[in-house]
There are 2 protein chains.
Amino acid sequence: MTDDVTGPGRYVGLRVAVVGTGLIGGSVLLRLRDAGLDVTGWDPDRATREHARRQGVAAPETLDEAVAGRDVVFLCGPLPTLPGTLLRVAGATAPECVLTDVGSTKVELADFARRHGLTDRFVPGHPMAGAASAGLTAATAALLDDAAWVLCPAPGPATDAFRRLAALVVALFRARVVPLSPEVHDTAAALASHVPHLLAGALAGAVQRAPLRDTVLGLAAGSFRDGTRVAGTPATRTANMLLGNRERVLGGLAAVTAYLDELAEALRAGDVAALTARYGEAAAARAALLGRSLRTDVRAFPAAGDHAAEVAWLRELGAAGGHLSGCRVDAGTVSYTAHLPT
Amino acid sequence: MTDDVTGPGRYVGLRVAVVGTGLIGGSVLLRLRDAGLDVTGWDPDRATREHARRQGVAAPETLDEAVAGRDVVFLCGPLPTLPGTLLRVAGATAPECVLTDVGSTKVELADFARRHGLTDRFVPGHPMAGAASAGLTAATAALLDDAAWVLCPAPGPATDAFRRLAALVVALFRARVVPLSPEVHDTAAALASHVPHLLAGALAGAVQRAPLRDTVLGLAAGSFRDGTRVAGTPATRTANMLLGNRERVLGGLAAVTAYLDELAEALRAGDVAALTARYGEAAAARAALLGRSLRTDVRAFPAAGDHAAEVAWLRELGAAGGHLSGCRVDAGTVSYTAHLPT
């Protein structure tokens, strides 16, 4: 394995396993297969393993066979299964094997890894992409292309694992690698993803119960379709995601309902000026999202050492809304290509 | 003008005016121009009138000139201006001239028209389409194609005006005409459009104020982008829409926040079964939206008479989530092509 990022071809022959080949894991699997890597997939569901084989991927009958001798393992099963799977895969692979996951919350699993002494080789991860559908049959090699892909760096030996994964996902998925601490990830993801799932569920659920449900569905145009889209996501997956980040989701929800109360109060009072001002403030976030302009920066650190400054810089970059598009280790130096909001 | 719907060509030469040529009015104007109708546009903004002329549309300097001698007038200005414009246009046109509007709420304007004796020729309307942008420069002839287009039928002479408009918007916009009473429209639109605007505003506004705003924007994927899209709509337009349907919007919002409270309570309690059940209920509305299957029915009524049965059937069709794709008057009979959820 190389830390260069100049092309996916450099990864041909790298031995990777994907454990849990549903929508996300299956998409990882297909992209790695297409890039010519030596990839195995495993899923507890026999029919899914058979489907993987029909896709031209080795899918052994047991988890141990699937991960034996691998350089990198992606853990992609349902959120509640990840701690157990992490332990099991760690026990079945060599200490040099880098482990990562794609779960939608990071604090709990990072804490679990720390308690089990796996911090040096486990890099918590979260590609920010998805679909309302589920399963390997819904997976596509392109699902994660260009996604924001959170990876959580940590000081010490863990930094090397972070660098290797960052280079890999940039090269193979053209991902924007967003380095964050697990805590900042979970707080930001509450507003960026988890609370939007609550709002979509509440809107769709209230309409499902409404006397005029059929009228509403007959009129539904952009705002309703967009606002309810993720309510069609498999219910168990959504429930697991919310429960895995409970306190931060409730905190984010409180901020959103406080704003909603302000809007409702202005509406109740017929206060057009207040209502317009609140919408102007909301539109500013939307304009910032659509008009994000980024400057490029290259930053180098010593490849050896405790990596404290490197990790601090990485986390600050991600928290500022920036991302990495390159990571290269060469002649005792690691250099990152970074993109920061201007 | 004919009540046949076999093609837009039958409307060549029909004299139509569009008053208020912003995003929606401008899109109506461009579609009518492309269909070869004799169309005039008027807007209080001089630069907009000049822009309309550069688009090949007659745009007289005064409202009275623009509407004089017209067969149909679309009222498309901002919601608060519509009552005044309706009175003025009614005074400047012949009693045979059919008037309609495209405002996002219907009860207030319908009541105003009734109080001013305009019910026979004014058909409240609302095409369910839009965009985050505004103005004639953002308008396109295709914006309203295939939209659900609410028209409010009423008994008596008003029914003839409804029939003429229904045939026109089907032929020229390929619209799905949804016949509703103003009250049912406003109640359903609260959930189909107005409350989604409140939720989008609250989510975007809370993020704009969040300490981790830039992190959230850096992570924003589908659920956040979709859930905030209409928060980028011009603030004044949104405020007018909400204020024009205040009580029903607050009622719809109460239903949605009650559901949101149930979701939050299940989350707080760590009750995975309750959370999954609520999301299953929400997903049912989403599935009903995407999986709507419609059966076609042709229904005929006597062209003359008080039209009470015809109007009752039309309103029931729309409230059930159905729509019209045809309206033809022939040999003393009016026949509708209707599509109803199965």
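Every chain is numbered from 1, with letters handed out A, B, ... down the list of sequences.
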Which of [options] touches chain B most, by non-hydrogen pairs under 4.5 Å:
{"options": "L217(A), L242(A), L199(A), V249(A)", "answer": "L217(A)"}
{"options": "V272(A), L212(A), L243(A), L180(A)", "answer": "L243(A)"}
{"options": "H323(A), R292(A), H185(A)", "answer": "R292(A)"}
{"options": "A283(A), A148(A), P196(A)", "answer": "P196(A)"}
{"options": "S193(A), P211(A), G227(A)", "answer": "S193(A)"}

Within this structure, what is the [atom1]-[atom2] distance for the pair [X] and [Y], rounded to the nearest 0.5 Å?
{"X": "L267(B)", "Y": "E247(A)", "atom1": "CG", "atom2": "CD", "answer": "8.0 Å"}
{"X": "T228(A)", "Y": "L290(B)", "atom1": "OG1", "atom2": "CG", "answer": "7.5 Å"}
{"X": "L191(B)", "Y": "L203(A)", "atom1": "CG", "atom2": "CG", "answer": "7.0 Å"}
{"X": "R246(B)", "Y": "L275(A)", "atom1": "CZ", "atom2": "CG", "answer": "10.5 Å"}

State, to 0.1 Å, how close [X] and [Y] come at their nearest heavy-atom pair, and which atoms those are.
{"X": "R225(B)", "Y": "R286(A)", "answer": "O-NH1, 2.9 Å"}
{"X": "V256(B)", "Y": "A202(A)", "answer": "O-CB, 3.6 Å"}
{"X": "A235(B)", "Y": "G280(A)", "answer": "CB-N, 3.9 Å"}

Heavy-atom distances under 4.5 Å only: say whether [X] touches chain A with side chain, backbone, both or neither.
{"X": "A269(B)", "answer": "backbone"}
{"X": "V216(B)", "answer": "both"}
{"X": "A277(B)", "answer": "neither"}
{"X": "V184(B)", "answer": "both"}
{"X": "R268(B)", "answer": "both"}
{"X": "L294(B)", "answer": "neither"}

**Report entry** Heavy-atom neighbours of E183(A) CD exceed 12 at 6.0 Å
**Finding:** yes
**Report entry** Verdict with supporting geometry, Y259(B) and L198(A), side-chain contact (heavy atoms from CB on, under 4.5 Å)
**Finding:** CA-CA 10 Å; Y259(B) 206 97; L198(A) 282 175; over 6 Å; no
Query raised in the report: Would you say the side-chain atoms of E281(A) pair up with the backbone N or O of G205(B), donor to acceptor, closer than 3.5 Å?
Result: no
**Report entry** Segment of T238(A) engaging chain B (4.5 angstrom heavy-atom cut-off)
**Finding:** side chain
Query raised in the report: So what's closer than 4.5 Å to chain B heavy atoms on R209(A): side chain, backbone, both or neither?
Result: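 Side chain only.
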Requested in this report: Kindly indicate whether the side chain of L219(A), heavy atoms from C-beta on, has any atom under 4.5 Å from the side chain of V178(B).
Outcome: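 Counting from C-beta outward, L219(A) and V178(B) do come under 4.5 Å.
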